Amino acid sequence: MQKGKIFVVGFGPGDREHITKRAVDALQQSDHIMGYKTYVELIQHLVTTKSIVSTGMTEEVSRAQDAVKKAEAGHIVSVISSGDAGVYGMAGLVYEVLIEKGWSESTGIEVEVVPGISAINSCASLLGAPVMHDACTISLSDHLTPWTVIEKRIEAAAMADFVIAFYNPKSGRRTRQIAEAQRILLKYRSPDTPVGLVKSAYRDTQNIILTTLEEMLEHDIGMLTTVVVGNSSTFFYDNKIITPRGYQRKYTLGEEKQILKPHQRLRKEAEPWALDQETGEAEEGHEEIVAVEKKTETPQSKPKLTSLALAKQALSMVKNDPAIGGNEENPFLVQQEIESIFEFAVSPGVANKMITPDQMRILADVLGENGTMEYTPDHRLIVKLPTDNPQKIVGIIEKSGLLVQPVGDVVIVKACDFCYGEKAESIPYAEEITDVLGGIKMPKELHVGFNGCGMACYRAVFDDIGIVYRKKKFDLFIGSKPVGRTAHAAQPVVEGLEPGQLLSLLTDIIADYKENAHPNERFFKYFKRVKKILHFNHYDMTCKIKVEEAPCGD
Ligand code: SAH
């Protein structure tokens, strides 16, 4: 006899456009479709099945049992759920019925769970982007779950600043739960917290209400509503609810706030889960955990905290830490404001590579507990610290004699150390270039290398623009590709340039690149594309042997 099959199909919010192709295929292949009456009506137009069994809402167990029986008799059966069948849907129940019968994948009937768009996603899409950050779903139905458990979950989610999508918020008889949920949430979240009430998303009777935590109960909430409650940084914008991605925004000198650039959002730091998987860097995180665990094994170190102790510790932090929120009026309030991280570069100077102990101390004091310093290949420290007073920070550091510069897509001037002053003649030119051009915004980071003699030992010819001082004049190189398997030096374009002409020529080259390059286009790529910068023609400097592209990590 032919073996039967059960599809457990999530058909999405309920309209034709938001059901997956696999779900439609499954329904069309099925001999029987079984589901709650209203749902069956929603998908009826998609199928011409011989048997459609619609049952009442509370008959889920018998529906699942019936489906298993039919599949065991050799039929193909679809059990349907709205949204996703694995989110308060039929998937778990079908497996439970199968398990009771001793089913196993190798010997029993075939089971395929077809994923669908759950209410948290369909409702979020209609509200704007309220979910975005860490979120959870909580069903307020205490039909199968004790209220004491639900209550704890609301409390925990509220405390941890999760965005929350409440499913099954209210029904004719069940009205108390949503009011209780609001009461618990108000202990931790501001009354102004944005709340979206979406009824019957993507169905004919769709209704969307934007309200606040304080006022949400004044609106109609029913069985077909999903209540989406924002976190402490969620905001309203033009009839939308938006939760920002993360709690940090970086800015640098001359920029009050971070401008979001599409390519920046795709950096590895911004999308670690998406990009790290293939490079194997995800392993590092794992190692970190192992390292922490190892540490706790040593006899001197603190004993491991139990999860209860950790939870208590977290609660006390929420209560007492003014940075997290909490005030006398409401000690539990979680208010995680967007943190502004000021990011800039520090170096001892253009023509100086020596940092004094005093300067180090001053820098360390300014950074305190929350700042970080990173040493970079271009002889600078990239400094990050949360502050709303960048001027003050810059003032203190500059007073110590250190040079402070912006980071990001700007002109970065790097000079050699002029053999500690022996070849000091050209230092004023390097300083002038830094003063006039350093930090100017560019389509992409632009490195200008300045070397004080023909040795060019600080590798000026491997910068985007290389300047070499030789016999009281300058040689100019442009368009290197400093890294990668097709790396090459810059192309010499001028020899013996008079010192008085250097700055204006550099200014013109940089202006040409700034005005005409595509956003995010590196200098060498731009030169290669346009073939000419000012009157300098591009020559192909790449290796003539075909070299395969090798992205980072391969
Ligand atoms: N499996 C479903 C959830 C079933 S529980 C899913 O993944 O979406 C039923 C609850 O889901 C409802 O009380 C409501 O809160 C939510 N819900 C389901 N469909 C919805 C829709 N179209 N619009 C708004 N909320 C919906």
Side-chain angles (χ1 to χ4, degrees), residues 7-20 22-23 26-27 33-43 55-61 63-64 78-96 113-128 130-131 135-145 150 153-154 157 163-179 181-182 195-211 216-217 219-229 241:
F7 287 104
V8 194
V9 180
F11 61 81
D15 68 323
R16 192 189 276 263
E17 301 288 314
H18 293 88
I19 182 169
T20 67
R22 183 65 189 157
L27 295 176
I33 295 177
M34 315 180 71
Y36 170 48
K37 197 162 155 290
T38 316
Y39 296 165
V40 166
E41 280 164 19
L42 281 170
I43 52 100
T55 46
M57 188 144 205
T58 52
E59 295 156 49
E60 287 155 334
V61 177
R63 194 186 307 150
S78 275
V79 181
I80 61 168
S81 283
S82 73
D84 183 87
V87 181
Y88 317 115
M90 290 297 291
L93 202 50
V94 167
Y95 273 114
E96 282 186 67
V113 180
V114 181
I117 301 174
S118 188
I120 185 173
N121 303 116
S122 54
C123 296
S125 72
L126 293 167
L127 292 168
V131 173
C136 65
T137 65
I138 298 179
S139 167
L140 290 187
S141 166
D142 54 2
H143 176 49
L144 298 169
T145 311
I150 300 174
R153 290 187 182 159
I154 301 169
V163 171
I164 308 171
F166 287 107
Y167 284 57
N168 300 304
K170 199 172 167 185
S171 68
R173 271 168 298 159
R174 225 169 23 76
T175 56
R176 183 181 59 85
Q177 286 83 351
I178 187 71
Q182 181 203 38
V195 169
L197 309 175
V198 183
K199 188 180 144 211
S200 299
Y202 295 102
R203 298 183 196 168
D204 294 342
T205 49
Q206 171 179 300
N207 189 28
I208 303 165
I209 294 167
L210 304 191
T211 176
M216 65 186 234
L217 298 185
H219 301 274
D220 183 31
I221 297 178
M223 277 234 298
L224 280 170
T225 309
T226 295
V227 178
V228 180
V229 180
I241 298 182

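The structure presented is a predicted model; accordingly, all values stated were derived computationally and were not measured. Counting convention: from 1, in listed order, for ligands and their atoms alike.
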Just jot down the ligand 1 atoms closer than 4.0 angstrom to any heavy atom of [X], in number order.
X    : result
R203 : 19 (N), 22 (N)
C123 : 23 (N), 24 (C), 25 (N)
Y88  : 4 (C), 5 (S)
L224 : 23 (N), 24 (C), 25 (N)
P13  : 22 (N)

Contact (N/O only, under 3.5 Å) between [X] and ligand 1:
X    : result
V87  : yes
K199 : no
Y39  : no
Y167 : no
I117 : no
A201 : yes
S81  : no

Quiz item: Hey, does S200 sit under 4.0 Å from ligand 1 if you only count heavy atoms?
Solution: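 S200 counts as a contact of ligand 1 under the 4.0 Å cut-off.
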Quiz item: Does ligand 1 have an atom that lies less than 4.0 angstrom from a heavy atom of P169?
Solution: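 Yes, P169 has a heavy atom closer than 4.0 Å to ligand 1.
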Indicate the atoms forming the closest heavy-atom contact of [X] with [Y], along with that distance.
X    : Y    : result
I120 : C136 : CD1-O, 4.3 Å
I164 : A157 : CD1-CB, 3.7 Å
S139 : N168 : OG-ND2, 3.0 Å
Y36  : R63  : N-CZ, 3.6 Å
S118 : Y167 : OG-OH, 2.6 Å
D84  : P115 : OD1-CA, 3.4 Å

Practice problem: Classify the ring geometry between H18 and Y202 as parallel (under 30°), tilted (30 to 60°) or perpendicular (over 60°). | Solution: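 Ring orientation of H18 relative to Y202: tilted.
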Quiz item: At what distance is the nearest protein heavy atom to atom 25 (N) of ligand 1, and which residue and atom is it?
Solution: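 Looking only at protein heavy atoms, the one closest to atom 25 (N) of ligand 1 is T226 OG1, 2.8 Å.
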Exercise. List the closest protein heavy-atom neighbour of atom 10 (C) of ligand 1: residue, atom name, distance to the nearest 0.1 Å.
Key: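 Ranking protein heavy atoms by distance from atom 10 (C) of ligand 1, first comes N168 OD1, 3.6 Å.
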Quiz item: Is the number of heavy atoms from other residues, nucleotides or ligands under 6.0 Å of R153 CZ greater than 12?
Solution: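 It does not: R153 CZ has 12 such atoms or fewer within range.
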Quiz prompt | Residue from T211, V198, I138, L197 passing side-chain contact (heavy atoms from CB on, under 4.5 Å) with V227 | solution =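 Running side-chain contact (heavy atoms from CB on, under 4.5 Å) over T211, V198, I138, L197 with V227 returns exactly one hit, L197.
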Quiz item: Does a donor on one side chain sit under 3.5 Å from an acceptor on the other, for Y88 and S141?
Solution: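 The answer is no; no qualifying pair exists.
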